Amino acid sequence: MKLRLIFVYLLCLLWRIASAQLGGEIWTDVYTFVSPIQFNTARDLYPQNLIAPRIAVHYWKRLKNYRLEFLPSFNLSYMRSKPNQTPATTAEFLEAQLALPLLFYLFSFEDDCNCPTFGKGNSIMEDGFHLILNPKLAWSSKTLTFNQEQREISGIVPIVELGAGFDIGLSKAWTLTPVVAYGLRFADKIPAVLTQTDPIRLEKSSNVSLGLKLNYRVKRRR
């Protein structure tokens, strides 16, 4: 009996997810690493800036009477490059993120309209512009390869992003949103120089992100 109840619950959960208001995202992230300590070889080999594409999927939810929206999402980014014009050097970056963006529509905050941008009664700017507070928890892996020798570091990185977006209603079901964001990364690390005696160095890091979000809303509710 318990197994049947669990099975029915899972089916209901999958149905709800499948019929939810879902969306996809495409981003370009520029990660900046600044060492608090002067060092030579690692500074020459490992790039201070990494440009990485990122894709994400999200689930859309909002408060009933206020335009505070939630987009819990899963993000995945990957980059492989040859930094500093050194043919023998390769930097590789892989990161998976769990995020909970909070969207504040300041110009129409006290609004119970639960519908895409195209159907709202105010101006496009009033309905579409919003500020974003986005706490994240990332698993980050960075690898530096020099003359076939590798150094790698991975771990959990808390991130807090602040940004702004603008909803553009494409149809009754689709909304396109360009976004810009700036993030601070805490307890981030990169590989140091390629010797066993050199430590992994704790870095100050941040990221600037440009993205496009496409949201599909199954049904229009008011």
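Please read all numbers here as calculations on a predicted model, not as lab measurements.
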Quiz item: Ring centroid separation for Tyr78 and Phe93, is it under 6.0 angstrom?
Solution: no
Quiz item: What do the steps show when you test Ser141 against Glu152 for side-chain hydrogen bond (donor to acceptor under 3.5 Å, both in side chains), and what is the final call?
Solution: CA-CA 7 Å; Ser141 174; Glu152 180 180 356; 3.2 Å; yes
Quiz prompt | Side-chain heavy atoms of Glu25 within contact of His58, under 4.5 Å | solution = yes
Quiz prompt | From Ile168 atom CD1 to Trp174 atom CH2, the distance as rounded to the nearest 0.5 Å | solution = 15.5 Å
Quiz prompt | Spacing of Ser77 atom OG and Ile51 atom CD1 [to the nearest 0.5 Å] | solution = 13.0 Å
Exercise. Quick one: pull up CG in Asn134 and OG in Ser209 and give me the separation to the nearest 0.5 Å.
Key: 9.0 Å
Quiz item: Can you find a heavy atom in the side chain of Met79 that is under 4.5 Å from one in the side chain of Glu92?
Solution: no
Exercise. Could you state whether Val57 and Trp60 fall into the same hydrophobic cluster, counting links through intermediate Ile, Leu, Val, Met, Phe, Trp or Tyr residues with side-chain heavy atoms under 4.5 angstrom apart?
Key: no
Quiz prompt | Tyr66/Phe109 aromatic ring centres below 6.0 Å | solution = yes
Practice problem: Check Asn65 against Arg62 and note the closest heavy-atom contact, atom names and distance. | Solution: C-NH2, 4.0 Å
Quiz prompt | Spacing of Arg54 atom CZ and Asn75 atom CG [to the nearest 0.5 Å] | solution = 4.5 Å
Quiz item: Going through the checks in order, is the side chain to side chain contact (heavy atoms under 4.5 Å, CB included) test met by Tyr105 and Glu69?
Solution: CA-CA 8 Å; Tyr105 289 78; Glu69 300 186 356; 3.3 Å; yes
Quiz item: Quick one: are Asp127 and Arg67 in side-chain contact, heavy atoms under 4.5 Å?
Solution: yes
Exercise. Kindly indicate, with the supporting measurements, whether the criterion side chain to side chain contact (heavy atoms under 4.5 Å, CB included) is fulfilled by Ser140 and Arg185.
Key: CA-CA 11 Å; Ser140 181; Arg185 303 166 58 87; 3.9 Å; yes
Exercise. May I ask you to check whether His130 and Phe104 place their ring centers less than 6.0 Å from one another?
Key: no
Quiz item: Does some side-chain heavy atom of Tyr31 sit less than 4.5 Å from a side-chain heavy atom of Glu95?
Solution: yes
Practice problem: Could you tell me which non-hydrogen atom of Pro101 sits nearest to which non-hydrogen atom of Ser73, and how far apart they are? | Solution: CD-OG, 4.3 Å
Quiz item: Is there a side-chain contact between Val157 and Phe186 (heavy atoms, below 4.5 Å)?
Solution: no
Self-check item: side chain to side chain contact (heavy atoms under 4.5 Å, CB included) evaluation trace for Gln150 with Thr143
Solution: CA-CA 7 Å; Gln150 284 191 344; Thr143 303; 4.1 Å; yes
Quiz prompt | Side-chain touch Thr175/Leu214, heavy atoms, less than 4.5 angstrom | solution = no
Practice problem: Answer yes or no: is there an ion pair linking Asp167 with Lys213, defined by an N-O contact shorter than 4.0 Å? | Solution: no
Practice problem: Look at atom CG of Leu137 and say whether more than 12 heavy atoms of other residues, nucleotides or ligands are closer to it than 6.0 Å. | Solution: yes
Practice problem: Answer whether the closest heavy-atom distance between the side chains of Asn207 and Tyr182 falls below 4.5 Å. | Solution: no
Quiz item: In Å, rounded to the nearest 0.5 Å, how long is the span from OG1 of Thr32 to CG of Asp188?
Solution: 11.0 Å
Practice problem: With Trp27 as reference, evaluate Ile55, Val179, Leu212 under the side-chain contact (heavy atoms from CB on, under 4.5 Å) test and give the passing residue. | Solution: Val179
Exercise. Determine, stepwise, if the pair Leu162 / Leu133 fulfils side chain to side chain contact (heavy atoms under 4.5 Å, CB included).
Key: CA-CA 5 Å; Leu162 296 175; Leu133 173 62; 3.6 Å; yes
Quiz item: Does the side chain of Pro53 reach to within under 4.5 Å of the side chain of Thr28, using non-hydrogen atoms?
Solution: no
Practice problem: Consider only side-chain heavy atoms of I, L, V, M, F, W and Y, link residues closer than 4.5 Å, and tell whether Val208 and Phe166 are in one cluster. | Solution: yes
Exercise. Mind checking the CG-OH spacing from Leu71 to Tyr59? Nearest 0.5 Å is all I need.
Key: 10.5 Å
Quiz item: Would a hydrophobic clustering, with Ile, Leu, Val, Met, Phe, Trp and Tyr connected at side-chain separations under 4.5 Å, put Leu100 with Ile159?
Solution: no
Quiz item: Is there a donor-acceptor pair under 3.5 Å between the side chain of Ser108 and the backbone N or O of Glu126?
Solution: yes
